[in-house]
Structure formats: C-alpha cells, structure tokens
Amino acid sequence: MSYYKTALVTGASAGFGLSITKLLANNGFKVIAAARRLDKLEAIAKECKNVFPLQLDVTKESDIDSLFDKLPDDYKNIDVLINNAGLALGTAKVQDSKLEDLNTMIATNVTGLVAMTQKLLPSFVKNNCGYVINLGSTAGSWPYTGGNVYGGTKAFVEQFSRNLRTDLQGTAVKVTVIKPGLCSDTEFSNVRYYGDDKKAAAVYTGTEAIKPEDIADVVLYLLNLPRHVNINELEMMPVCQTYGGLSVTRSLDLNKKD
C-alpha cells in the first residue's frame, strides 16, 4: 500500500487524467478529479468510489485560490499533485500561428502548472510528505516542425521539475516528470486539430501507440516506490517511435529578399 493517501489530478475528465484517476481510486487512494467539464467528472465519481469531482480551470487564478474552500474536510489533506492538464493547439509554424493559441498553451501548460504547484507545495513541505508528478512530453526534448511553443512549454515543465527538486532539498517531498511520446486514445490530437477527428485519427494510423492506461500504471508504480527513492525523469515512447535525426537543407538560398 502506498505511503500517500490523497491525490489531486488536473485534466481528469479525459485521457491520461481520466485513467490515472480511475486507477488510483481503484487502488485505495482518495482522488480529487479536477477539470473544467463537471459533468464528466461527476460521471467518474459515480463509477468509482473515493473520487471527488472538482470543477477547476488551471488558467483561472480564482479557481486555484479557492481550491480548499470547495473540498470536503476528508479530501483536504492532499499529499499527491499530478499536474496533467495541458494541450497543444495547431501544428503551424510560429510565423503562421495565431497568437491566441500560443498564449493559451503557455497559460495552461506553464502558468497553470506553476500555480497549482505553488498552491500545494507549502503543505507538502510543512508535513515533510508530498509528491509532485508533472506530465511533460518528449516534445520538450526533441523538436519537430510545428512543435514550437508546445515543445517550449514542455521543456519548461522538464526544467521546472528539476529545479523543484533543488528547492526541496532537505525534505522528503518527491518530484517526477513523465515525458510520454506518441499516445493514442486521448483528446490530445482532436484538440490540436481543432476538432478535426479525421486528422486526429491519422496521427495514429498503423501504430501501436502508448495508451492512457500505460501512463496511469507508471503513476501508480511511482507512488508505490519506497520513500527513499525518487525517479527524477521518466521518458517513454512506444516501440514504433524513435528519434528522427537532424535535418539538412541542400543548396539553401542565403540571399536577402527585397
């Protein structure tokens, strides 16, 4: 049985967050399932015991500030934060992107994650007990065309996680960043392609991609490790995915255009 008891999962209404919420709840954890879509959270709570549905938008400071006011007393002693909420919008190059989309990715993937962490970390430190698990991405380590700001936000998550470990030196609070590669059966690509389900499905055609359940299994594994063991970073890809190498443009025109 895990040393930890109560987990807060952001982005819990679908994908990784949904699978993590269900697996933890079915393994004895109390889980605060946090997301914007309350109806989906309430459906999870009906299906699983020990799940409290919490409507929360990580980009809204007021939602985070009032977090504990919305929780019943038996869910307030949070000792696990799983920063899963995040998204990508579009695959255009920066010069062809909408600034609104770029700002939304930063607000969700960076600012929201930092705000949630800063909200819960003081109690983790005070109790000398807590675990922050951040969902990064291989996009934060390995660039690709169209990854630009999304990849930048995930690189931030990776480096922020490392620096958290430094800030928490001298405590027993743990931090891990999980960096998945190609993952299917989530809403990630549907959101990225603005609801174009055909484009989203094409991303995974002919692949055996990582599933949300695989990520949930890793989270449960981490939470059951001995207290003296911290996994700093965990990068995972499906077997069908690997590194692509560097790109070279032949006969590049270096002349300035008038």
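Note that the numbering runs from 1 along the sequence shown for the chain. Just so we're clear, the structure is a prediction, and the values are computed from it rather than from any experiment. Values below: all heavy atoms of this structure, side chains included; hydrogens, waters and symmetry mates excluded.
Residues Phe16 and Leu113 do not share a hydrophobic cluster, clusters being chains of Ile/Leu/Val/Met/Phe/Trp/Tyr side chains in contact below 4.5 Å. Ile210 and Val203 are assigned to two separate hydrophobic clusters, defined by single-linkage of ILVMFWY side chains at heavy-atom distances under 4.5 Å. Note on Leu71 and Phe29: separate hydrophobic clusters, where clusters join Ile, Leu, Val, Met, Phe, Trp and Tyr whose side-chain heavy atoms are under 4.5 Å apart, directly or indirectly. Hydrophobic clustering of Ile, Leu, Val, Met, Phe, Trp and Tyr side chains at less than 4.5 Å, counting indirect connections, unites Val173 with Val177. Hydrophobic clustering (ILVMFWY, side-chain heavy atoms < 4.5 Å, transitive): Val157 and Val9 are in distinct clusters.
Thr186 and Pro212 make their closest contact through CG2-CG, 3.7 Å (heavy atoms, listed as atom of the first residue, atom of the second, distance). Residues Leu38 and Pro53 share a closest heavy-atom pair of CD1-CB, 4.3 Å. Between Cys48 and Asn26, the shortest heavy-atom distance links the atoms SG-OD1, 4.3 Å. Contact record, Ala12 with Thr21: CB-OG1, 3.6 Å, taken as the closest heavy-atom pair. The two atoms that bring Val51 and Ala45 nearest to each other are O-CB, 3.6 Å, heavy atoms only.
Classification of Asp214 and Lys211 as a salt-bridged pair fails, no side-chain N sitting under 4.0 Å from a carboxylate O.
For the 3.5 Å distance criterion, the side chains of Asn77 and Asp79 fail to qualify, holding no donor opposite an acceptor.
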### Message
Assess the residue pair Asp63 and Val58 against the criterion (side-chain contact (heavy atoms from CB on, under 4.5 Å)); give the C-alpha distance rounded to whole Å, side-chain angles, the decisive distance to 0.1 Å, and a yes or no.
### Response
CA-CA 7 Å; Asp63 281 10; Val58 298; over 6 Å; no
#### Entry: Residue pair Glu158, Lys154: steps toward the salt bridge (Lys or Arg N to Asp or Glu O under 4.0 Å) verdict
CA-CA 6 Å; Glu158 184 174 331; Lys154 292 304 184 177; over 6 Å; no
### Task
Could you please spell out the steps behind the side-chain contact (heavy atoms from CB on, under 4.5 Å) verdict for Lys179 and Trp142?
CA-CA 11 Å; Lys179 302 181 289 184; Trp142 311 105; over 6 Å; no
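The environment of NZ in Lys256 is sparse: at most 12 heavy-atom neighbours from other residues, nucleotides or ligands sit within 6.0 Å. Other residues, nucleotides and ligands contribute more than 12 heavy atoms inside 6.0 Å of the NZ atom of Lys70. Within a 6.0 Å sphere centred on OH of Tyr221, heavy atoms belonging to other residues, nucleotides or ligands number 12 at most.
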Side-chain donor-acceptor pairs under 3.5 Å in residues 124-132, sequence neighbours left out?
unit_1, atom_1, unit_2, atom_2, d
Asn127, ND2, Ser123, O, 3.2
Asn128, OD1, Ala172, N, 2.8
Tyr131, OH, Thr176, OG1, 2.7

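For residues 40-61, every residue pair satisfying the salt bridge (charged side-chain N to carboxylate O under 4.0 Å, His left out) rule, not counting sequence neighbours, is listed here: Lys22-Glu47.
Exactly one of Ile215, Leu8, Ile32, Leu135 qualifies for a side chain to side chain contact (heavy atoms under 4.5 Å, CB included) with Ile82. That residue is Leu135.
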